[in-house]
Student: 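Sharing a structure here in C-alpha cells format.
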Amino acid sequence: MATSRGSDELIFFVNGKKIIEKNADPEEMLLSYLRKKLRLTGTKYGCGGGGCGACTVMVSRFEPVSKKILHYTVNACLLPICSLYGAAVTTVEGIGSTKTRIHPVQERIAKAHGSQCGFCTPGMVMSMYTLLRNHSEPTLDQIYEALAGNLCRCTGYRPIIDGCKTFCKKSECCLIKENGVCCLDEKENESSFSNNDTDICTALFNEEEFLPLDPTQELIFPPELLLMDKDQRSRILMFHGERITWISPTSLTELLELKVKHPKAPLVMGNTIVGPEMKFRGIFHPVIISLTRVLDLSFVNYTEEGVTVGAASSLTLVKDTLTEVVSKLPEEKTKILRALLQQLSTLAGPQIRNTASLGGNIISKSSTSDLNPILAVSNCTLTLASKERTRQIPLDETFFDGLGQSALKSDEILLSVHIPYSRKWEFVYAFRQAPRRINALPIVNAGMRVLFKEGTDIIQDVNIFFGGVGRSTVCAKKTCQRLKGCHWNEEMLNEACRQILDEVALPGSAPGGMVEYRRTLTISFLFKFYLEILQQLKQEGISHNEISVKDLSALEGFQEIIQQNTQIYQDVSPGQLSQDPVGRPIVHQSGIKHATGEAVYCDDMQVIEGELFLAFVTSTRPHAKIISMNVSDALKVPGVVDIITDHDVPGTSEICSIGESDHLFAGDKVLCVGHIICAVVADSPAHAKRGAEQVKIVYEELEPIILTIQDAIKHSSFLQPKRELEEGNVDDAFKTVDQVVEGEIYIGGQEHFYMETQSVRVVPRGEDNEMDVYASTQYPTNIQEIVAAVLNVPSNRIFCHVKRVGGAFGGKVSKTAQLAAIAAVAANKTGCAVRCILERGDDMLITGGRHPFLSKYKVGCMNDGRIVAADVTIYSNGGYSLEESGLVIQISLLHMDSGYRIPNLRCCGLACMTNLRSNTAFRGFGYPQAALITETWVDAVATKCGLPSEKVREINMHKDISKTHYKQEFDAKNLRKCWNECLENSSYYNRRAAIEDFNKHNYWKKRGIAMIPAKFPIGIHPKYFGQAAALVHIYTDGSVLVTHGGIEMGQGLHTKIMQVASRELKIPLSYIHLCETSTVTVPNSGVTGGSSGTDCNGMAVKSACQTLLCRLEPVISKNPGGKWEDWVKEAYLQSISLSATGIFRGYDVEMNWEKKEGHPVCYFVYGVACSEVVIDCLTGDHKNIRTDIVMDVGCSINPAVDIGQIEGAFVQGLGLFTMEELKFSPQGVLYTRGPSQYKIPATCDIPEQFHVSLLTESPNPHAIYSSKGIGEPAVFLGSSVYFAIKDAVMAARKERGLTREFMVNSPLTPERIRMACGDHFTDMIPRDDPGSYTPWAINV
C-alpha cells in the first residue's frame, strides 16, 4: 500500500458552499483555514487548545448506520481540515448576517445584552444554534450543558443564558421570562423584592419583540454529500503536507495494514490528545492515521453480559448510549454505567466530547482520565487487533503499567471496550474533584467497586483505582487484597485509609503540587464510598451498622436550586422625550455584529500581499547573562524572512509607558522567564514559530534569583522607596484598646485572560516614514509615541487605529506598546506589513497580570467591635520592572480604609522587584487586594470579639459626612443606603438563621453567608491623565460621525457616547455613527481605564455637540418646524462649520504624598454584595447559591450596560478570590499558560440566584448626566463569596473543636477549603517537613 502518491482532493462544504482543496495540509486546523483561506473571520482564536469555545462551529455528517444526519459542535482550533472529508461545516456567518437576515439565536443573545467585548459571542451563538438544530425547544439543563465548553470573560454569563432561555418550553418554569420571579419562590421574594414604585423597572429586554425560531429555514445538509457517501468509503484518502502525511482508511483491514507499515503513527479521531501534544509539547509525527471513516470502530453492541463500544465511538455517543441503556434496564445491572455517566457529565465540554473517542481516552493512559478508573474497577475487557491476530486483555493495573501481555504492541490497535453489567451485591461509584465543576481536568478522581458475598456484608472482591496521584491511573492493589474477607464496618474503613495512604504515596515534590490535599482526597473519597455502600447494605437489610446523623450529609450532593435572577433599576422620568436614549437599556452598539461575526477585530483584517508574521524568542531562564545567540538554523527554516534584534532599532531601545522605562529587548541580560530576546518574521505564523524554536541561546546563570515576595524582602529588592500614609497617633491608640489582632494574608495574582490575545498589525505607507498601526490596545497614544521613538521619527508619521478590543481589563495598556514597537521595527526593516498575534500561552508568559500581595497587619479594637487603630504593611510582587507597580501601591494605600472609618491608621507599601514578568494594570488597580486585606482584619476583629461580622462592619462603616485617612471629606450616605437595601433585599437575617439551622444538622456540608461593602474611587491623578477630547462631524445628509479618544473594549463606551450625542443633538441614535479611535482624529488621548471612559470622553463629546448645536441655533430658530436634515443643509449653505472638537480637562484632583493628604478622588462608587455558598467539607468543593448586589451608579446612562458591567466584574472577582490560581515553578516558569491549566469562572460558577439592584435617587454631581463609572467597582464584591466560604469553613471548624481564628489565603480554592476545614482525615495524612523537598509550585 504505497503512500507516495500525490495528495487527494479534500472535499467538504462550508455554509452550503462546496470546498475543493487540492493541497490540504494535515497541520492546518479548521480555524486557520476558515480565517485565512476562506476569510470567514467570525470564528475566533481564543486559546488554540479547545479550552475556551471561541472557535466553536457546527459540523454535520451523514451517519450511514442510523441513516441520520448528525449536527454537533467542535473546536475548530483542534480539528484538522483533513478530517472533514464529506462533512458540512456551519460557521456563525452561515446562519445569518445583517446583510441578509439575522438568526433568532444571534438576535436574542445580542438583544438580551449577552455580548460585551463580543469576542466569545460567535462561539456562544454556534453552541446554542447547534443545540436548537437538535432540540428546537431545549430545557434549561440542555442550555447549560451546551454552553459548558464556552468561556466568557466579560458578561458573567447571566445575560447570555437569559437570551438562550427564551427558546425554552414555556411550561418548563415561569422563570424563563426575562428577569422573572419563579412562582415556586414567590413568597420569599415578595418580602425581598417587592416594590410598587412605578418608576422601577425589572426588564432589560422585551421577549415579545424577538424573531420566532423557524427550523424549516435552516441550511439543509448538502445533497451532494449524501451521494458522495458511498464513493468516499471505497478508497483510502491521503493528504501530504509540508511535513506530515495524513492517511484516512475506510476499513479495519486497511487500518491494520497501515499500522504495520507505520507502527509509530498515532491514530486520530478528534485530535483532542495528539493535537495539543504536537502544539504545546512539540511532539512531531510524520504520519498520522485518521479513524473518522473507519465505521468498524464506531459501533455499540448489546449482549446479555454488557455493552461493547467501538474504540472510535465519541464520548457523546457513549454518553447518549449509556443514558438510553440505563433508562431501560433494572438499576442493579446499571451501576457501572451510572458511574460512567456521572463522570461523562462533567468531562470536558461538549465540543471535546463530540469528537474525542473512548479508545483515545483509554489508550492515552492519562493520569487525569475520568473514565479509566471506572472502567478499570469494573473488570472491563479490551479487544485488541492487529493484521495477524485479535486478542483480549483486561483493563486493569497491568494495562496501565504497560507490562507483559497487557502491553499494546506497535502493530495493534484498540478495537473495542466491553463494559459488563453490574450484578446484585456489586456496587460501583465514581468520585472526582476538579478546580472547576465542569470542563476541567480532575485534581484527583477515583473509581471504587465492591462485591459482597451474597446476603452478607463480607467483602468478596474490591477494586480501587485513582487518577491524579501518579503518572497514570493507579491501583490500590495491596489495599484491596487486605480488605477481602473483611466486614463492611468502621474497622475496615480505618484499615483501608491507613493502607491507601501507605500504598498510594505521593512525594512532596509530585508534579501538580497540592500533595497533602490530594492525599486527603484519596481517603475522603474512600469515606464517601464507605457511606454509600453502608446505606445500600442498610436498604438490603444486611448491615447493622448505623450511619450516624452527622455523616448523612456526606452522601448528599449539592441541592439544585431553581435558577432565578432579577435586575432592578430606575426608569426614566415620564417627561423624557421618547427619542432621548439616556437612561434606557440600549443594546450594545456592536451587539448584533458580534453575534453575526461581522464585527472586525485586529486579526480579522485581511492579509495584504507580502504581509509577514512575527513570533518572539523568549528567555527560558529567570536571571541570566546571554553568552551567545545563534540564529543560523532559524534562518534556514522555510518561510523565515529575518530575525529582529536590538541592533535593528533605528531609534531608542528604551521605552516608557506609565511607569518606569523598560527596554524593547532583553539585551545582554534576561530578568525573567518570558523576557523577549528577539523576534522572527516569516511568511506564516507557523513558519515564524518554527523559526523562533530554532534560535539557540547560551546562558550564564546569575544570582540571586528572586521570585517570591519573601525573597524580595530578604534581599531588600524593591522597585521604589516605601510609600506611607498615616492618620492619627497609631502607637498611642494601641495602648488604649481592649484587643489586638495580628496576622498576615497572601493574595495570589490573576491573569487578565481577555478573550482576544495581544494583537498588533503594522503597515508601512511607503513614504515619509509613515506607518499605520492597528492594535488591540487601551492606550493608542502610547503606541504612537513609543513606535515613533523606536523608529526615530516624529509622532505625526505614526497613525494608531483601534476599532474595538476583545477584552482588556488593564492588560492592554503598556505591554501592547512594546509588541507594537517590535513589529514596527520589523516592518521598517523588511518594508512589509507585519502582524503579531500572540498565542494564548505566549500571551500569558510574556504579559503580566494582577499583582500578588502579601500583607502583615496589627489591629487594635474595643470589645464592642470598634476598631481604634490599624498598622498595615503591604508588599506587591511587581516583577522585573516598575511598569504600573508604583501606582498600584499608591492606589492600595489610598484606599486601605475601604468602607470603614479607622481613626488611627498607618499603612505602608512596597513594590517588590523579582525575576518574574512585570505585573501591570488590572481591573480595580490594587483596590481589590487592599480591600480584601482590610476585610480580612475586620473579619478577624469580629472573631476575636465574638461578634457577628456584619455587626462589626456596620459599627466601623463610614457614615454621613466622613473623612478618609488622607483627610479627604466625602458623603457616605449612599454607602449606608446600599448596605441597608442589601440587608433587606437579601433577607439577610432570616437566611443567617436558616444557615445556622442547616449547619447544625449537616456535619460534612456547611453553608456560609457574608455581606461586604465597597467604596471604590473614581478619579485619575495627576489631572492631565484624565483629559479627553472628541471630534464630531455633521454631514450634509444629516448623519453624524463621532470620534473620541476612548477605546471600546466591551464596557459599552461607544454605546453610551452615542447616547450622549443623541441627547445633546436631539436626534435619534440611528443618525449617529462611531467609526474607530485613532490618533489621526483625536491626538494625545489618555488611557481608557479606571472606570472613567464615559465620564471623560462623554464630557468631551457633550462639549463638541453643544458647540455644534450652538452654531445651528440661528438656523433652527428661523425654521423651528423644520427637520434636522433641513437645518444641516441650510447651515452648510450658510458656510457654518459642521465640525467641532470638544475637550474635558480632567478631574480636579491632587495628592501630596509628603504631607500625606490631598483630594485624589473625584467621587466614590458604593456597592454592597451579599453571597451565600455551600461547601463540601470532605472535598473542598463549593457552590454559589445566591448573590444580591446593590450598587450606587448615580443616574445610569444605560442600565443594561451598567448591570452587565456589575455582573461581569463580580464574576471576575469571584474568579480572583476563589478559583484563578497562577502557578510558578521554583525556577520561575509559569505552568498555567492556557485554559486547561488556568480556570476562569464558567456557567457553572455563577450564583444560581443572582439579583442586582441599582440604587435609586442617587444622582452624582461630579460626572456626566449624574452618572458614575462602573467598570471596576464590583470586582471586589466577588470577595463576598470568599468570605461566605470562610464563614462556612468557620462553622465546620467550630463543630470540630478547632480554633475559629484562622487564616486562609486567596484564592480560596478547593484545596484551601478542604485543608482549612480539618478533621480526622486531614490529621491522618502524612506531612512532609518543609525543606525536605522541592515543591512543584510556589506562591510568588
Side-chain angles (χ1 to χ4, degrees), residues 569-570 572-573 576-591 804 1018 1026-1035 1038-1077 1081-1082 1085-1086 1088 1090-1113 1124 1138-1147 1162-1163 1193-1202 1204-1205 1254 1259-1271:
Y569 62 96
Q570 190 166 0
V572 298
S573 64
Q576 182 169 319
L577 296 174
S578 60
Q579 75 172 23
D580 181 354
V582 171
R584 304 184 196 274
I586 303 298
V587 172
H588 192 290
Q589 164 243 6
S590 294
R804 58 175 58 83
I1018 303 293
Q1027 66 180 295
L1031 176 63
V1032 179
H1033 300 315
I1034 303 175
Y1035 295 95
S1039 62
V1040 176
L1041 178 65
V1042 177
T1043 310
H1044 59 94
I1047 302 298
E1048 174 57 59
M1049 48 196 175
Q1051 82 281 42
L1053 174 59
H1054 283 356
T1055 308
K1056 287 186 174 181
I1057 292 295
M1058 289 175 67
Q1059 290 175 270
V1060 170
S1062 173
R1063 166 173 279 191
E1064 293 302 323
L1065 296 176
K1066 300 179 176 61
I1067 58 175
L1069 280 170
S1070 58
Y1071 282 49
I1072 301 164
H1073 179 64
L1074 276 87
C1075 179
E1076 66 173 8
T1077 302
T1081 51
V1082 178
S1085 60
T1088 301
S1091 303
S1092 61
T1094 302
D1095 284 11
C1096 301
N1097 294 286
M1099 291 297 281
V1101 169
K1102 179 181 178 182
S1103 172
C1105 289
Q1106 287 179 342
T1107 298
L1108 288 167
L1109 204 61
C1110 185
R1111 292 176 189 167
L1112 289 172
E1113 187 57 38
W1124 169 259
L1138 295 175
S1139 178
T1141 59
I1143 189 167
F1144 174 67
R1145 300 189 64 185
Y1147 300 105
C1162 181
Y1163 62 86
V1193 302
C1195 298
S1196 175
I1197 292 175
N1198 188 323
V1201 167
D1202 287 348
Q1205 287 292 288
L1254 303 186
N1260 170 35
H1262 305 289
I1264 186 167
Y1265 302 150
S1266 300
S1267 65
K1268 287 189 175 183
I1270 198 60

Student: Is there a donor-acceptor pair closer than 3.5 Å between any side-chain N or O of Tyr1071 and the backbone N or O of Ser1062?
Tutor: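 No.
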Student: With salt bridge (charged side-chain N to carboxylate O under 4.0 Å, His left out) as the rule and sequence neighbours excluded, what pairs involving residues 1098-1113 come up?
Tutor: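 Sorted result for residues 1098-1113: empty, none.
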Student: Kindly write out the residues that satisfy side chain to side chain donor-acceptor pair (under 3.5 Å) with Asn1198, not counting sequence neighbours, or none if the list is empty.
Tutor: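 Scan of Asn1198 (side chain to side chain donor-acceptor pair (under 3.5 Å), adjacent residues dropped) gives Gln1059.
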Student: Please report the closest heavy-atom contact between Gln1205 and Gly1050, naming both atoms and the distance.
Tutor: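 Looking at all heavy atoms of both residues, the closest pair is NE2-O, 3.7 Å.
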Student: Using the rule side chain to side chain contact (heavy atoms under 4.5 Å, CB included), only one of Val1060, Leu1069, Ile1072 pairs with Pro581; which is it?
Tutor: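 Option passing the side chain to side chain contact (heavy atoms under 4.5 Å, CB included) with Pro581: Leu1069.
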Student: List the atom of Ser1267, the atom of Ile1197, and the distance in Å for their closest heavy-atom pair.
Tutor: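 Shortest heavy-atom contact: OG-CD1, 3.7 Å.
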Student: With sequence neighbours excluded, what pairs up with Arg584 under the side chain to side chain donor-acceptor pair (under 3.5 Å) test?
Tutor: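 Testing Arg584 for side chain to side chain donor-acceptor pair (under 3.5 Å), a comparison that skips the adjacent residues, returns none.
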Student: May I ask you to decide if Met1049's main-chain N or O and Gln1051's side chain share a donor-acceptor pair within less than 3.5 Å?
Tutor: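 Such a contact is found between Gln1051 side chain and Met1049 backbone.
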Student: Quick check: do Tyr1265 and Pro1259 have side-chain heavy atoms less than 4.5 Å from each other?
Tutor: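 Not touching, per the 4.5 Å side-chain cut-off.
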Student: Which heavy atom of Ile1018 sits nearest to which heavy atom of Ser1091, and what is that distance?
Tutor: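 Nearest pair, atom of Ile1018 first, then Ser1091: CD1-CB, 3.6 Å.
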Student: Using the side chain to side chain donor-acceptor pair (under 3.5 Å) criterion, which residues pair with Asn1097? Sequence neighbours excluded.
Tutor: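 Scan of Asn1097 (side chain to side chain donor-acceptor pair (under 3.5 Å), adjacent residues dropped) gives none.
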Student: Might you work through the side chain to side chain contact (heavy atoms under 4.5 Å, CB included) test for Phe1144 and Gln1027, ending with a clear yes or no?
Tutor: CA-CA 5 Å; Phe1144 174 67; Gln1027 66 180 295; over 6 Å; no
Student: My understanding is that only residues two or more places apart in sequence, or in another chain, count here; which of them pass side-chain contact (heavy atoms from CB on, under 4.5 Å) with Ser1039?
Tutor: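 For Ser1039 the side-chain contact (heavy atoms from CB on, under 4.5 Å) partners, ignoring immediate neighbours, are Tyr1035, Asp1037.
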Student: Do Leu1053 and Ile1047 come close enough that some side-chain heavy atom pair is under 4.5 Å?
Tutor: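 Heavy-atom side-chain distance check fails, nothing below 4.5 Å.
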Student: Atom NZ of Lys1268 and atom SG of Cys1195: how far apart are they, to the nearest 0.5 Å?
Tutor: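 SG of Cys1195 is found 10.0 Å from NZ of Lys1268.
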Student: Which residues satisfy the side chain to side chain donor-acceptor pair (under 3.5 Å) test with Tyr1147, sequence neighbours excluded?
Tutor: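 Checked Tyr1147 against side chain to side chain donor-acceptor pair (under 3.5 Å); matches are Asp1095.
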Student: How far does CD1 of Ile1264 sit from OG of Ser1103, to the nearest 0.5 angstrom?
Tutor: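 Taking CD1 in Ile1264 and OG in Ser1103, the distance rounds to 10.5 Å.
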Student: For Thr1081 and Leu1031, which heavy atoms make the closest approach, and how far apart are they?
Tutor: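 So the minimum-distance heavy-atom pair works out to O-CD2, 3.9 Å.
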Student: What residue among Ile1067, Leu1109, Leu1138 forms side chain to side chain contact (heavy atoms under 4.5 Å, CB included) with Ile1034?
Tutor: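 Of all the options given, the one that passes is Leu1138.
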Student: Could you pull out the closest heavy-atom pair between Trp1124 and Gly1038, with the gap in Å?
Tutor: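 Taking every non-hydrogen atom into account, NE1-O, 2.7 Å.
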Student: Mind checking what makes side-chain contact (heavy atoms from CB on, under 4.5 Å) contact with Ser1085, not counting sequence neighbours?
Tutor: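 Once residues adjacent in sequence are excluded, the partners of Ser1085 under the side-chain contact (heavy atoms from CB on, under 4.5 Å) criterion are Pro780, Thr781.
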Student: For Thr1043 and Val1032, run side chain to side chain contact (heavy atoms under 4.5 Å, CB included): C-alpha distance rounded to whole Å, both residues' side-chain angles, the deciding distance at 0.1 Å, then the answer.
Tutor: CA-CA 6 Å; Thr1043 310; Val1032 179; over 6 Å; no
Student: Pairs in or reaching into residues 1048-1057: which pass salt bridge (charged side-chain N to carboxylate O under 4.0 Å, His left out), with residues at least two apart or in two chains?
Tutor: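 Salt bridge (charged side-chain N to carboxylate O under 4.0 Å, His left out) check on residues 1048-1057 returns Lys1056-Asp1202.
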Student: Quick one: do Met1058 and Leu1074 satisfy side chain to side chain contact (heavy atoms under 4.5 Å, CB included)? Show the steps, please.
Tutor: CA-CA 8 Å; Met1058 289 175 67; Leu1074 276 87; 2.9 Å; yes
Student: Applying ring pair (Phe, Tyr, Trp, His ring centres under 6.0 Å) to His1054 and His1044, what does each step give before you reach the verdict?
Tutor: CA-CA 9 Å; His1054 283 356; His1044 59 94; 4.9 Å; yes
Student: Checking Gln576 side chain against Asp580 main chain: does a donor-acceptor pair fall under 3.5 Å?
Tutor: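 Between the backbone of Asp580 and the side chain of Gln576 there is a qualifying donor-acceptor contact (under 3.5 Å).
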Student: Write down the atom of Val587, the atom of Thr1055, and the distance for their closest heavy-atom approach.
Tutor: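 For Val587 versus Thr1055, the nearest heavy atoms are O-CG2, 3.7 Å.
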Student: Can you list everything that forms a side-chain contact (heavy atoms from CB on, under 4.5 Å) with Ala1029? Sequence neighbours excluded, please.
Tutor: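 By the side-chain contact (heavy atoms from CB on, under 4.5 Å) rule, Ala1029 matches Val1082.
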